[in-house]
Protein chains: 2
Amino acid sequence: MTRILIADDHAMFADGIASILQAEADIEVVGRCLDGPSAIEFLKKDKKVDILLLDVNLPNMSGIDVCKKVVEDHKQTKVLAISMFNEESFVTEILNNGAMGYILKNTGREELLKAIHTILGGKSYFSKDVTQTIMKGLMKNRKGGNESSKKALPKISRREKEVLDLIIKEHTTQEIANQLFISLKTVESHRSNLLAKLNVRNTAGLVRIAIENNLLAKSN
Amino acid sequence: MTRILIADDHAMFADGIASILQAEADIEVVGRCLDGPSAIEFLKKDKKVDILLLDVNLPNMSGIDVCKKVVEDHKQTKVLAISMFNEESFVTEILNNGAMGYILKNTGREELLKAIHTILGGKSYFSKDVTQTIMKGLMKNRKGGNESSKKALPKISRREKEVLDLIIKEHTTQEIANQLFISLKTVESHRSNLLAKLNVRNTAGLVRIAIENNLLAKSN
DNA sequence: GGAAAATTAGGGGATTACCCTTAAAGTAAA
DNA sequence: TTTACTTTAAGGGTAATCCCCTAATTTTCC
């Protein structure tokens with residue numbers, strides 16, 4: 001028997017889902033919560049909830065935060081996010097916080113059940129529309145990163161890249177000098193040039209830019 | 001008229017695609033290359049290629065590197081990656097390097113044409129299977145990041161997170177102290193604790209860990 | 001209500017990073 | 001072949017980080 005908890009502030013919607021699920025022989029709806037804190041409370045008392053059907057947009061405490069807490073404190077409970085909105089930010093945020101799936105509220109009965117069973121099986125599930133949204137967002141980042149928008153960061157020379165790579169790996173200037181068999185002063189030069197070229201103030205900026213533009217360990 | 005260049009080391013496959021495309025009234029196959037360097041050469045001479053159908057796994061020079069070069073030097077040419085393999089690493093790599101789409105070699109005529117027209121329209125296109133692969137990979141990262149595998153980085157307190165956030169933004173310890181209205185020495189304490197907690201040697205490590213685990217600007 | 005953790009703060013010292021300038025030798029492209 | 005960039009290196013100085021220690025107050029959690 002699969003035990004399911006529903007967390008949604010729209011009572012009617014929660015009821016609708018509950019009635020769909022109650023009709024299934026192998027599913028039991030163990031509770032309905034209208035906000036985040038009460039869902040957390042419920043899980044503290046009932047440790048055997050298999051799936052939390054969680055609305056992403058909840059009052060008091062956002063679904064994101066609820067999801068985070070549930071994933072941390074109740075590893076036996078899997079989170080299936082439900083939302084009115086097919087927004088990339090919502091999807092990525094809650095996935096980043098441990099949700100196993102994301103479906104939209106216009107999802108039909110069959111798909112809801114399919115999502116639940118998929119997640120129970122340890123796999124993840126997303127509505128078709130959600131998948132498309134994610135892929136689009138993924139591409140936007142890529143495009144921004146490769147052709148137009150980005151400030152087209154100036155060319156970093158081969159040696160500078162080697163130095164940068166070692167900086168990111170937490171090596172000091174002296175260590176870098178030893179590893180590359182060059183003088184401490186030379187490495188300092190490269191560092192200065194990197195700071196100027198990448199237009200940052202210090203090591204923190206270097207690491208940030210390098211990671212953001214994945215300048216590290218690439219064929220170049 | 002859409003001008004297409006095919007780059008694939010399997011001559012028979014390249015011929016097959018060519019014959020499919022030639023049958024289309026609005027498409028002209030302007031060339032077939034058997035490896036990366038020759039494709040690059042071709043594009044240097046013919047500046048009006050609209051789409052490069054690029055095999056990800058090419059001899060001599062990998063499709064990834066070819067794609068990178070094409071996106072950099074021939075912005076009018078869009079890259080549609082083709083591959084035998086529905087491998088996450090291939091897909092993400094070539095997308096990271098500016099490809100506009102990724103289809104598998106078992107793709108039928110209709111889907112190939114659909115992909116081409118979609119890309120011509122400035123949008124991205126992926127085979128269904130490819131999309132699923134990406135989503136799976138995306139989830140693996142998330143899961144690894146939230147429950148099991150990862151070294152479950154120790155809890156960073158609210159104040160430490162604030163300090164870390166400002167470090168990443170390239171502020172010095174003194175500046176951070178001023179902004180948070182606390183002593184320089186206090187910020188130094190937080191810094192030391194962060195270094196110890198995250199098990200890194202210096203600022204570079206802090207920034208790297210923070211970005212990798214996106215500890216920044218989160219509700220917490 | 002008491003233990004644990006977080007936040008605050010200091011002294012003092014060692015190491016490292018950053019800044020400015022200069023400059024020679026090697027490399028690649030126009 | 002000249003120009004531009006890269007790589008190398010140095011002197012001399014300032015600023016910032018890192019390290020070790022201690023310790024009081026406050027907050028948080030069981």
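Here the structure is a predicted model, which is why all the values come from computation and not from measurement. Proteins come first, then strands; the chains are lettered A, B, ... in the order of their sequence lines, and each starts at number 1. Basis for what follows: all heavy atoms, side chains included, without hydrogens, waters or symmetry-related copies.
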Rounded to whole Å, the CZ-C1' distance (A/R158 to D/dT8) equals 12 Å
With heavy atoms under 4.0 Å as the rule, sort B/L184 into base, sugar-phosphate or nothing. nothing
Where the side chain of B/E160 is defined as all heavy atoms beyond and including C-beta, which of C/dA17, C/dT7, C/dG10 is the nearest nucleotide? C/dT7
Protein-nucleotide distance (A/F181, atom CZ; D/dA9, atom P), rounded to Å: 13 Å
Can you measure B/Q174 atom CD to C/dC18 atom P for me and round it to whole angstrom units? 17 Å
B/D55 bridged to B/K105 by N-O distance under 4.0 Å: yes
Atom-pair distance (CZ on B/R201; P on C/dA14), nearest Å: 19 Å
With the side chain counted from C-beta on, respond yes when A/I40 and A/V70 share a heavy-atom pair under 4.5 Å apart, and no when they do not. yes
Using atom types as modelled and distance alone, determine if a side-chain donor or acceptor of A/R3 lies under 3.5 Å from a backbone N or O of A/K48. yes
From the candidates C/dC19, C/dA17, D/dT7, the one with an atom nearest any side-chain atom of A/T172 is C/dA17
Looking only at side-chain N and O atoms, does B/T186 come under 4.0 Å of OP1 or OP2 in C/dA9? yes
D/dA9, C/dC19, C/dA6: which one has an atom nearest the side-chain heavy atoms of A/I182? D/dA9
Between B/N202 and B/E188, name the one whose nearest nucleotide on DNA chain C is closer to the 5' end. B/E188
If the cut-off is 4.0 Å, is B/S183 near the phosphate of C/dG10, judged by side-chain N/O to OP1 or OP2? yes
Among the nucleotides D/dC18, C/dT7, D/dT6, whichever has the atom closest to the side chain of B/T203 is D/dC18
Counting only side-chain nitrogens and oxygens, does A/R159 get under 4.0 Å of the OP1 or OP2 atom of D/dT8? yes
With a 4.5 Å heavy-atom cut-off, do A/I176 and A/I167 have their side chains touching? yes
Which sits closer to the 5' end of DNA chain D, B/A204 or B/S189, going by the nucleotide each is nearest to? B/A204
Tell me the interatomic distance from A/H190, atom NE2, to D/dA10, atom C1', rounded to whole angstroms. 14 Å
Strictly below 4.0 Å: does A/K185 bring a side-chain N or O up to OP1 or OP2 of C/dA23? no
Rounded distance (Å) that lies between atom C1' of C/dT7 and atom CD of B/E162: 11 Å
Between D/dA15 (P) and B/E175 (CD): distance, integer Å: 13 Å
Let me know, please, whether A/T173 or B/N193 comes out on the 5' side of the other along DNA chain C by nearest nucleotide. B/N193
Can you tell me how far C1' of D/dT17 sits from NE2 of B/H171, to the nearest Å? 17 Å
Are any of the side-chain nitrogens in B/R191 or B/E188 under 4.0 Å away from the carboxylate oxygens of its partner? no
